[in-house]
Amino acid sequence: MSKGLTSREEDYSQWYNELVGKADMAEHSAVRGCMVIKPYGYAIWENMQAALDKMFKDTGHSNAYFPLFIPKSFFSKEASHVEGFATECAVVTHYRLKNDGNGNIIVDEDAKLEEELIVRPTSETIIWNTYKGWIQSYRDLPILVNQWANVVRWEMRTRLFLRTAEFLWQEGHTAHASSQEAIEETERMLEVYADFAENWMALPVVRGKKTANERFAGALDTYCIEALMQDGKALQAGTSHFLGQNFAKAFDVKFTSKEGKLDYVWATSWGVSTRLIGALIMAHSDDSGLILPPKLAPIQVVIVPIYRSDEELDKISAIAKELAAELKLKNISVKYDDRDTLRPGFKFAEYEMKGVPVRLAIGGRDLENGTIEIARRDTKEKQTISRDGLVLHIEELLVDIQNSIFKKALNFREENTREANSYEEFKELLDTKAGFISAHWDGTPETEKQIKDETKATIRCIPLNNKLENGHCIVTGNPSTQRVLFARAY
């Protein structure tokens, strides 16, 4: 492996950028603002997809696919929606290229589209135009659809996984006969995301609602899960939107109720993206590389042989391959690395950088003693144990690592969530300790904007488990009945 990483304390941003590269997860592409997700990074995304896809299907949803291109006129039908995305849209204006006669390829000006097409930044408009043909009666409802896709939102300042012009995601779009059903769906999917974040990503999250200023364009309410990264910045890890009847009205999607009344359909949408990989890196990893929760690790166990002769390697390989087969029967992903071109120390460093949760080393002495050295990535603890009962020990160890990573992240969040009771205290906390700050706000967008402009901190959410508490806004002194959660954020 190459030299180590810049430390988090020295330069957190540089540490992150180096880690994404050295762990072989992603790299910048020839297309400005776009990334190449390399096989190891994509394997993490596939594990995320598999877990989420099962959770979606267990809650009654089905997958579908809708066009990448959206007619520009569709966006103009929902005013707040187009306003929210107008500055980020990539627009297709022509459908053909031609040779200019000098060996150059140019756009054929005669091939201008009658109507420009928007490259999908999100799919509400194209999907609700489609739903108009699917829905006539209450018998057609609910529609519970999810789409796995790529989207494009033009970004000038990009960062791998966190902010790129093109990224991968899933977007759910559901249609309902009543507002109550739609709100229940919105809340249900928020809980699915929170469950995934906490039980798969080992990432504790705050469940909450966005303020009107931070709400999704076209939504009546946006629910979110917010996580805290190791540098004290927040990251929005998932959103679920109650869209009311806005898109149904924009696309004239009506249904006949059981009572024979004609009404507009109620809607939700919800999504998470490859941004979650960035969250995974920043929440758990250390100055030696990735720390991955076992449930999402592409390789959960790696076995490295340490040998002096081909004969010794053959004996180690027999044990390693038998052990690998037993682990695979337990649905544990395992790799036996018997490459003879690299020294064991290099392999150890490589898998430490890649965050493999458990490393097994088998050497000549282990052959004699019937033992194996086992090391866990999260704490770097090593022990030598008997090969008897090893599979059960590894199963239990993986569970313990998953739980330990979560508890460490939860403790960090709790230690870095503080209350501020004045604007001066608020600004001091932001500049000296960062993290989440719980403070009173007067509920006005003007005060929210002032705080953002002056401190770069935003209201991450109004926590769903908030207790009512009489107080006064830290800026205006106006009455407030509850605290909200502020932070600087990605």
Heavy-atom distance under 4.5 Å between the side chains of Pro298 and Leu292, does that happen here? yes
So, Arg387 and Glu322, do they make that salt bridge, N to O below 4.0 Å? no
Which label fits Trp15 and Tyr12: parallel for a plane angle under 30°, tilted from 30 to 60°, or perpendicular past 60°? tilted
Does the pair Thr268 and Thr174 meet the rule for a side-chain hydrogen bond (donor to acceptor under 3.5 Å, both in side chains), with working shown? CA-CA 5 Å; Thr268 81; Thr174 69; 2.5 Å; yes
Using distance alone, with no hydrogens and no angle criterion, decide if Gln482 and His440 have a side-chain donor and acceptor under 3.5 Å apart. no
Under 4.0 Å between a Lys/Arg side-chain N and an Asp/Glu carboxylate O for Asp431 and Lys427? no
Under 3.5 Å donor-acceptor, Glu425 side chain and Asn421 backbone: yes
Look up atom OG1 in Thr59 and atom CG in Leu144, then write down how far apart they are to the nearest 0.5 Å. 8.0 Å
Does Ser422 form a side-chain hydrogen bond (donor to acceptor under 3.5 Å, both in side chains) with Glu424? I'd like the steps, not just the answer. CA-CA 5 Å; Ser422 71; Glu424 288 308 311; over 6 Å; no
How long is the straight-line distance from CD1 of Ile44 back to CD of Gln49, given to the nearest 0.5 Å? 12.5 Å
Measure up the Trp169 and Phe167 rings against each other and bin them: parallel (under 30°), tilted (30 to 60°), perpendicular (over 60°). perpendicular
Any side-chain to backbone donor/acceptor pair from Gln402 onto Lys295? Under 3.5 Å, distance only. yes
Using a strict threshold of under 4.0 Å (side-chain N to carboxylate O), is an ion pair present between Lys380 and Glu352? yes
Answer with yes or no after comparing the ring centroid distance for Phe56 and Trp270 against a 6.0 Å cut-off, counting only values under it. yes
I'd like to know if Arg207 pairs up with Glu191 as an ion pair, taking the criterion as any Lys NZ or Arg NE/NH1/NH2 lying under 4.0 Å from an Asp or Glu carboxylate oxygen. yes
For residues Arg159 and Ser13, is any side-chain donor paired with an opposing acceptor at under 3.5 Å? yes
Below 4.0 angstrom, N of the basic side chain to O of the carboxylate: do Glu185 and Arg188 qualify? yes
Stepwise side-chain hydrogen bond (donor to acceptor under 3.5 Å, both in side chains) check, Gln14 with Thr6: CA-CA 7 Å; Gln14 184 65 22; Thr6 298; 5.0 Å; no
Rounded distance [0.5 Å steps], OG1 in Thr239 versus OH in Tyr193: 7.0 Å
Under 4.0 Å between a side-chain nitrogen and a carboxylate oxygen: does that hold for Asp338 and Lys321? no
Quick check: do Val358 and Val302 have side-chain heavy atoms less than 4.5 Å from each other? no
Check: Lys433 and Glu415 side chains under 4.5 Å, non-hydrogen atoms: no
Under a plain distance cut-off of 3.5 Å, with no hydrogens placed, do Glu171 and Gln147 share a side-chain donor-acceptor pair? yes
Any side-chain donor near an acceptor of the partner, His241 and Thr222, under 3.5 Å: yes
Are any of the side-chain heavy atoms of Thr125 and Ile118 separated by less than 4.5 Å? no
State which residue, out of Lys233, Lys209, Lys210, Arg413, fulfils the salt bridge (Lys or Arg N to Asp or Glu O under 4.0 Å) condition with Glu226. Lys210
Between Phe216 and His81 (judged by ring centroids, cut-off 6.0 Å), do the two rings come close enough to count as a pair? yes
So do the side chains of Met25 and Lys38 get within less than 4.5 Å of each other, counting heavy atoms only? no
Do Asp286 and Asp378 have side-chain heavy atoms sitting under 4.5 Å apart? no
Only one of Phe486, Phe436, Trp441 passes ring-ring contact (aromatic ring centres under 6.0 Å, His included) with Phe426, and that residue is Phe486
Donor-acceptor pair between Lys315 and Tyr307 side chains, under 3.5 angstrom: no
Judged by atom type as modelled, is there a donor-acceptor pair below 3.5 Å linking the side chain of Glu166 to the main-chain atoms of Met35? no
